[in-house]
Undergrad: 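One structure coming up, written as structure tokens, with questions to follow.
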Amino acid sequence: MKSFYKISMLLLTVLFVSTIFLSPSVVNQLTVRASAQTYESSGFTVINSFWGTPTGNVQAGPGDQDVPLTVTLQYLYPYPSVSTEFEIKLPSGITSTSSSMAGQDKNNATAYYVNRLDQGQIFQITLYLDLANNTSLGQYTLVSTIFWYALLTNSTSTPEVYLQQDVNLIVNLNGNSKLMYSTNDTALTPDKINNVVLTLTNSGSGNVTDITTTVSDISQTASILNELPSSVNLASDSSVNETLEVFVPESAAGSILALNFNITYLDPYQNQESTTQSLGFFVSSVTSSSPLTYTINQSSLAPGGITNLTMTVTNTGQSVLSNITTVVSSPSSVTSASSVAAQSISILTQPSSISSIAPGTSVTLTFSLFISAAAAGTPLTLTVTSTYVTASGLGQSTSNNYGLYVANLTTTSSPVISVSELNDFVTTGVPSQVAILVNNTGLTPIYNPSFSLSITSPLFVSANSTYTMTGARIDPGSGVIYESTISSGPSSTVGVYGGSLTVAYTNEFGVASSQVAQVSFTLAGKIAMVVQGEVISQTSNTNLTVSGTLLNEGTVSAYYANAVGYVQGGSPDYALSSYIGEVDVNTPVPFTVTVPYVAGNAPVTANVTLFMTFQDSFGRNLTYVTSMPAALLSAAQLAQQSSVNSTATHKGMRVSGGLFLITIIVVIVLIVAVIAIRRRHAKGKAGKKSDVI
């Protein structure tokens, strides 16, 4: 019976509390709003950093442009990463070649790794950097911040956490190597051993070690009798002399001899490198009877530009020679630079006249050549014709041929072109316009630039893959913007894809040159938002309520979706913005947004606009805007509606109050019945006890 009593009292209490506090007039709707707050964590470790790409190393030194820097990392966080961003602060003298968005600070480099990362996975990112001419050699610490989304759950309310970690990238800048052979012994004598003194110069900014050179005769007319000694070390801006013994047979008299030098060495980063260079020599013919002898003081020539040559003329006779004129010619030469495009060599200036030369003395003359880039790796013959007057007044003339060789490699120099990307985002399944800024970083103008863009699959250039600016001129320090359209299939895998931009141009002499720059493009998935079942409710004089379902009909998920609304003629109140969360592909997500609105004196029809913001997997902020007309009540209509609702509420409360009173009466009757039963039971026990006595 005691248990029955306790249960009855408990039921009474529960019924009373439920009636009072769970009434429809006092139930509140709670809204939870999340935020993309960044949390510090440790999720990455740096394995190494090196100059180059994942497929090969490069040398980096002051003045180099568009140099790749690759960083190898390992992901350690226990939950997968769906997108990773690297923001790297660059030290003085190092700037970013390209930026992911127009106007990005070139003193900071930004890179993305958009593929999924699992715990323990090792991966690489590659940046492209410009090094100033005054950048110091040494070790640099690049302070970097890594941002990533760690996928904790598949829930649409809090799908991931936004994490941040600061790391240091250690980069050694050791300089580059520029090895080149030269010699003044360009004239060889037939039928004897010629001791050719070679000078190996490192004009680069870094030290080179373990240098080995092999020499071969391209023309196959001479014999190389010795090997060049190996150089242990060749510091920056230093040189070493080596002697090469070359035997030239008598049959080679009057011919051109070309030697090939294959140089292998360890660069300043201890990478095995090799380079090839050619030098040209001329084997003298029968000695001329003229008292004037000419020596051209030049080794191999560099193609694609103007070369100023020096020539020494010596009086080997016994008397004074006067009124000496010297004319240099070539079977392929022309007299001006106006038509050099089809020529391999042009004589631009002639040596000066000499009034007189005493016996046994010499005079140095200069003249200029233009050598086409097409002449690289070929021999050239110059004819030197001189006229003079002997001491007896007799006029004489002599002519001799001299051979030179155009090197097949030009001296390494900084590029004339630098490339930076202004817009490099491409959306899957949608033609996307990209923009690339091409700057002339050289010292002379370039003409008629043409551009050719090639990219890796699944991206393809759908418009303007090649473009020529006929008649255009780009002055030093100036640039032009090249635009193209890139497309991909709708189901292509998002990520960063590489490519190359070839920039071809001519210089002021009409010589064609080209440069290839590496570029990259980020393929981002498509996010296509659609609002379904939109309902606009007006239940108060100050706000509207907009509800519905948000559907992403794109190819990738949207993160951290928020919504804020406003009525036509008004403005959004961001304090009332509603957090929606993650919107996966083809997964309906319900939402409710409070929109600020003050009812007027008359009803109106106005557009209610929703402004939604969200992020893609690259952290880009994207927007979606939708509007819907709504018939909005006046303040008087709302008051009347509120009065009707209030009356209905009071009636409901009276009904609820009557039910509550009936319930209390029933409970009281139940309690009274229980008490009566207990008393009766007690009295019965007392009677039985009396009978026993």
Side-chain angles (χ1 to χ4, degrees), residues 34-54 60 67-101 103-132 135-153 158-174 421 424-425 495-496 520 522 524 559-560 615-621:
S35 63
Q37 182 176 353
T38 304
Y39 297 94
E40 295 285 345
S41 182
S42 179
F44 296 83
T45 182
V46 179
I47 297 177
N48 64 9
S49 303
F50 63 91
W51 296 104
T53 65
V67 187
L69 174 67
T70 297
V71 183
T72 306
L73 305 100
Q74 186 175 24
Y75 183 62
L76 302 177
Y77 201 68
Y79 294 96
S81 170
V82 295
S83 178
T84 309
E85 176 184 352
F86 300 84
E87 292 187 0
I88 303 172
K89 296 181 180 179
L90 301 176
S92 176
I94 302 178
T95 56
S96 174
T97 296
S98 61
S99 59
S100 61
M101 301 297 289
Q104 178 179 313
D105 186 1
K106 290 178 70 66
N107 293 323
N108 292 325
T110 301
Y112 297 97
Y113 189 87
V114 297
N115 297 328
R116 177 190 175 102
L117 287 173
D118 294 313
Q119 187 178 20
Q121 183 174 342
I122 296 175
F123 66 102
Q124 292 178 317
I125 60 169
T126 301
L127 313 168
Y128 288 89
L129 305 175
D130 291 340
L131 308 178
T135 304
S136 301
L137 300 182
Q139 187 176 88
Y140 287 85
T141 299
L142 308 185
V143 180
S144 308
T145 302
I146 306 176
F147 301 95
W148 77 100
Y149 295 113
L151 186 62
L152 305 181
T153 173
T158 55
E160 66 278 309
V161 62
Y162 194 40
L163 300 176
Q164 169 184 332
Q165 178 185 354
D166 293 330
V167 299
N168 290 331
L169 307 180
I170 306 301
V171 178
N172 291 315
L173 184 62
N174 300 335
E421 297 156 44
D424 57 4
F425 270 95
V496 179
S520 61
T522 301
Y559 302 95
Y560 301 107
Q615 292 182 354
D616 63 6
S617 57
F618 297 92
R620 293 187 302 166
N621 292 319

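Owing to the predicted nature of the structure, the values given are computational and were not obtained by experimental measurement.
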Undergrad: Looking at every heavy atom in both Ala60 and Leu173, which two are closest together, and how far apart are they?
TA: O-CD1, 3.4 Å
Undergrad: Are Gln615 and Tyr162 linked by a side-chain donor-acceptor pair shorter than 3.5 Å?
TA: no
Undergrad: What's the separation between atom OH in Tyr559 and atom CG in Leu151, rounded to the nearest 0.5 Å?
TA: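 Reported value, rounded in 0.5 Å steps: 7.0 Å.
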Undergrad: Just to verify, which of Ile170, Leu169, Ile146, Asn168 counts as forming a side-chain contact (heavy atoms from CB on, under 4.5 Å) with Val46?
TA: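 Testing each of Ile170, Leu169, Ile146, Asn168 against Val46, the sole residue satisfying side-chain contact (heavy atoms from CB on, under 4.5 Å) is Leu169.
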Undergrad: Give the minimum heavy-atom separation between Leu131 and Thr135, together with the two atoms involved.
TA: C-OG1, 3.9 Å
Undergrad: Going by side-chain contact (heavy atoms from CB on, under 4.5 Å), Ile94 matches just one of Leu129, Asp130, Val171, Ile88. Which one?
TA: Leu129
Undergrad: Would you give the length of the straight line joining atom CZ of Phe425 to atom OG1 of Thr522, rounded to the nearest 0.5 angstrom?
TA: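 Going from the CZ atom of Phe425 to the OG1 atom of Thr522 covers 4.5 Å.
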Undergrad: Quick check for you: to the nearest 0.5 Å, what is the distance between Gln119 atom CD and Ser81 atom OG?
TA: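 Between Gln119 CD and Ser81 OG, I get 12.5 Å after rounding to 0.5 Å.
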Undergrad: To the closest 0.5 Å, what do you measure between OG1 (Thr141) and NZ (Lys89)?
TA: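 One gets 13.5 Å once the value is rounded to the nearest 0.5 Å.
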Undergrad: Minimum heavy-atom separation for Glu85 and Tyr112, please, with both atom names.
TA: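 Closest pair (atom of Glu85, atom of Tyr112, distance): CG-CE2, 3.6 Å.
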Undergrad: Would you name the heavy atoms of Tyr77 and Ser41 that are closest together and state the gap between them?
TA: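 For Tyr77 versus Ser41, the nearest heavy atoms are CE1-OG, 3.2 Å.
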Undergrad: Kindly assign one of parallel, tilted or perpendicular to the pair Phe44 and Phe86, based on the angle between their ring planes and the thresholds 30° and 60°.
TA: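 Phe44 and Phe86: perpendicular rings.
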Undergrad: What heavy-atom pair brings Asn115 and Gly495 nearest, and what distance separates the two atoms?
TA: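 In terms of heavy atoms, the two residues are closest at OD1-CA, 4.5 Å.
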Undergrad: Are side-chain heavy atoms of Gln165 and Val167 found at a separation under 4.5 Å?
TA: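 They are in side-chain contact.
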Undergrad: Measure the spacing between CG of Leu69 and CD1 of Ile125 and express it to the nearest 0.5 Å.
TA: 8.0 Å
Undergrad: Less than 3.5 Å apart, any donor N or O on the side chain of Thr70 or Thr53 sitting next to an acceptor on the other?
TA: no
Undergrad: When you compare the side chains of Asn48 and Thr72, does any donor N or O come within less than 3.5 Å of an acceptor on the partner?
TA: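 A donor-acceptor contact under 3.5 Å links the two side chains.
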Undergrad: Tell me the closest heavy-atom pair linking Arg116 and Pro80, and the distance in Å.
TA: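 What the structure gives for the nearest pair is NH2-CG, 3.0 Å.
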Undergrad: Crowded around Phe123 CZ? As in, over 12 foreign heavy atoms under 6.0 Å?
TA: yes
Undergrad: Nearest 0.5 Å, what's the CH2-CG distance between Trp51 and Leu127?
TA: 9.0 Å
Undergrad: Between Tyr560 and Tyr149, is any pair of side-chain heavy atoms under 4.5 Å apart?
TA: yes
Undergrad: Counting C-beta onward and ignoring hydrogens, is there a side-chain heavy-atom pair between Asn108 and Ser96 closer than 4.5 Å?
TA: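 Not touching, per the 4.5 Å side-chain cut-off.
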